[in-house]
Amino acid sequence: MQTVDIAIIGGGMVGLALAAALADSPLKIAIVEPKPAQAPQLQDYSLRVSAMSLSSQRFLSSLGVWQRICEQRVAPYHDMQVWEQDSFAKIRFQAEQLLVDELGHIVENDIVRHALWQRVSQQSNVVFIEQAVDKLHRGDSESWLSFANGQAISCKLLVAADGANSWLREQLAVPLSYWDYQHTAIVATIKTSEVHQSCARQIFSPEGPLAFLPLSDPHHCSIVWSVSPERASELQSLSEQDFNKQLTMAFDHRLGLCQRVGELGAFPLRMRYARDFAGKGFVLIGDAAHTIHPLAGQGVNLGLMDAAALAEQLIDLQQAGKNLGDYANLRHFERWRKSEASQMIAAMEFFKRIFGNANPALKLLRGVGMSVVDKAEPLKRQAMLRALGLAGDLPKRAVVKSA
């Protein structure tokens with residue numbers, strides 16, 4: 001049986017980022033992931049993209065992977081426009097207002113994961129187990145994982161980084177707060193007749209928010225269209241021509257005619273919040289700990305900050321000679337990340353509810369409120385800092401010094 005200090009269940013972006021952040025430590029790590037990252041196919045854009053904040057970019061740079069990502073394909077954006085359909089409510093954020101080069105980058109998830117996988121594969125303190133766990137056994141000071149091929153490992157700390165439907169979270173019987181947003185996210189790559197000008201745009205309508213995220217080609221965007229499940233089914237059943245017409249109208253013709261490129265994806269949206277982010281011998285990070293509505297694009301950024309914060313905590317524990325699996329030693333991490341996640345969940349729920357109400361009085365209030373924030377520089381700056389990951393209690397490796 002192989003013995004390691006940490007077993008990370010899940011080799012997605014967040015789990016791999018944690019392992020990469022521990023590269024210079026003496027901690028021995030096993031990454032359990034049955035599906036290795038494949039080299040991205042760059043002839044087409046991937047359906048799943050993320051809006052990487054400046055703090056996430058800083059963190060990935062510290063891991064030595066951001067340059068690899070840039071060598072593949074990224075799309076910086078330095079302008080962000082948000083407005084409400086049939087209303088005067090609007091707000092605009094620009095990079096120059098914060099004296100930074102860009103507000104963030106739109107990056108395909110496959111590219112990020114592959115760059116991290118390549119980086120972690122070079123680490124001498126990491127072993128990959130490309131098998132699904134067969135059985136989990138828990139003891140007072142260790143946990144044991146066994147696999148169908150007869151392989152087994154023991155570890156001091158289990159890390160659940162295996163996504164929203166986490167197997168490990170279920171095995172650990174961690175209670176989950178949960179509600180259905182009653183939205184489905186329609187995602188697709190769109191070709192627009194007008195150039196996007198490196199601007200991220202989002203419109204709120206009674207149906208739900210629709211975001212156009214700029215890709216590296218000036219005429220291509222990735223969309224996230226949040227609508228009711230019934231409306232999502234209707235959109236999926238439309239011909240490509242009819243879908244293009246409805247999308248163009250829903251986006252107020254802001255980028256001219258829209259043309260879908262490739263397939264549509266549809267993902268039910270649910271809020272999940274684990275009651276415990278840590279316990280005796282385990283930690284939850286990323287979507288295994290929390291999922292939120294994508295209207296502000298903060299899900300992956302929350303997860304990467306979990307990884308950065310946990311790495312910081314584990315390095316401190318190792319250097320102090322403390323037990324990695326002792327819950328008392330993990331409480332600081334848990335309080336830190338639960339606070340950040342709960343604030344983001346509350347903010348997303350507030351925006352979803354306030355923009356999901358078509359009451360004329362509320363519509364007027366939204367218009368006035370957004371206009372006030374757009375013109376009040378201190379309020380606007382604070383909103384921008386929070387949205388870009390430049391505010392809050394950040395891990396040291398994610399601090400953006402230039403801001």
Side-chain angles (χ1 to χ4, degrees), residues 47-53 77 79-93 103-104 106 179-190 192 196 199-215 221-236 243-244 246-255 258 260 264-271 290-302 343-359 362-363 365-367 369-371 373-374 383-384 386-388:
L47 271 181
R48 304 303 299 267
V49 305
S50 295
M52 291 288 178
S53 68
Y77 61 97
D79 195 354
M80 185 187 302
Q81 298 175 14
V82 180
W83 71 97
E84 184 176 21
Q85 195 173 56
D86 301 323
S87 166
F88 66 89
K90 64 180 180 178
I91 193 166
R92 183 177 186 181
F93 303 111
L103 297 177
I106 307 302
W179 66 71
D180 195 322
Y181 284 119
Q182 299 180 338
H183 268 183
T184 294
I186 297 291
V187 298
T189 301
I190 303 298
T192 60
H196 55 60
C199 175
R201 297 173 172 87
Q202 183 161 249
I203 179 172
F204 285 92
S205 75
E207 282 191 332
L210 166 60
F212 270 60
L213 306 175
L215 296 173
C221 291
S222 178
I223 67 161
V224 182
W225 194 356
S226 300
V227 294
S228 70
E230 296 76 19
R231 175 64 167 150
S233 295
E234 178 187 333
L235 290 171
Q236 289 177 283
F243 177 87
N244 293 341
Q246 295 212 19
L247 177 63
T248 301
M249 290 189 295
F251 200 57
D252 284 351
H253 296 78
R254 285 295 176 103
L255 292 175
C258 299
R260 195 183 92 205
L264 284 179
F267 306 94
L269 300 178
R270 299 181 176 93
M271 191 290 298
H290 45 70
T291 61
I292 63 173
H293 199 286
L295 65 87
Q298 291 300 310
V300 70
N301 296 309
L302 267 180
Q343 289 179 51
M344 191 62 68
I345 288 169
M348 294 308 99
E349 185 62 16
F350 171 78
F351 282 117
K352 180 183 177 296
R353 293 195 180 201
I354 195 170
F355 281 99
N357 193 317
N359 183 291
L362 271 178
K363 196 162 189 172
L365 184 62
R366 289 193 293 266
M370 289 181 74
S371 296
V373 173
D374 195 36
M384 290 176 68
R386 172 62 66 175
L388 303 179

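Because only heavy atoms are used, hydrogens play no part in the values below, and waters and symmetry mates are left out as well, while side chains stay in. As the structure is a prediction and not an experimental result, all values here were calculated from the model.
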TODO: Start with the C-alpha gap between Ile190 and Arg260, add the side-chain angles, then the distance that decides, and say whether side-chain contact (heavy atoms from CB on, under 4.5 Å) holds.
DONE: CA-CA 5 Å; Ile190 303 298; Arg260 195 183 92 205; 4.1 Å; yes
Task: From CA spacing to verdict: side-chain contact (heavy atoms from CB on, under 4.5 Å), Thr189, Val49 - done: CA-CA 10 Å; Thr189 301; Val49 305; over 6 Å; no
TODO: May I have the step-by-step check of side-chain contact (heavy atoms from CB on, under 4.5 Å) for Phe251 and Ile223, ending in yes or no?
DONE: CA-CA 11 Å; Phe251 200 57; Ile223 67 161; over 6 Å; no
Open item on the list: The test is side-chain contact (heavy atoms from CB on, under 4.5 Å); show your working for Asn301 and Met52 and say whether it passes.
Closed with: CA-CA 6 Å; Asn301 296 309; Met52 291 288 178; 4.2 Å; yes
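A donor-acceptor pair is defined here as one N or O able to donate and one able to accept, closer than 3.5 Å; no such pair exists between the side chain of Ser222 and the backbone of Val187. Between the side chain of His196 and the backbone N or O of Leu215 there is at least one donor-acceptor pair closer than 3.5 Å.
Within the model, atoms CD of Gln202 and CD1 of Ile91 stand 12.0 Å from one another, a figure rounded to the nearest 0.5 Å. Atom CG of Leu210 sits about 10.5 Å away from atom CZ of Phe204, to the nearest 0.5 Å. One finds the CD atom of Glu230 at 8.0 Å from the OG1 atom of Thr184 (value rounded to the nearest 0.5 Å). In this structure, CH2 on Trp225 lies 5.0 Å from CG on Leu247, to the nearest 0.5 angstrom. Annotation: the span from Gln182 atom CD to Arg270 atom CZ amounts to 10.5 Å, rounded to 0.5 Å.
The shortest heavy-atom contact between Pro214 and Cys221 is CA-SG, 4.1 Å. Cys258 approaches Thr248 most closely through the heavy-atom pair N-OG1, 3.0 Å. Considering every non-hydrogen atom in both His183 and Gly208, the closest pair reads CE1-CA, 3.9 Å. Taking every heavy atom of both residues into account, Ala185 and Val224 meet most closely at CB-CG1, 4.1 Å. Nearest heavy-atom pair across Ala250 and Ile203 is O-CD1, 3.5 Å. Looking at every heavy atom in both residues, Leu264 comes nearest to Leu47 through C-CD1, 4.3 Å.
Between Glu234 and Val227, every side-chain heavy-atom pair lies at or beyond the 4.5 Å cut-off. The side-chain heavy atoms of Arg254 and Gln81, taken from C-beta on, include a pair separated by under 4.5 Å.
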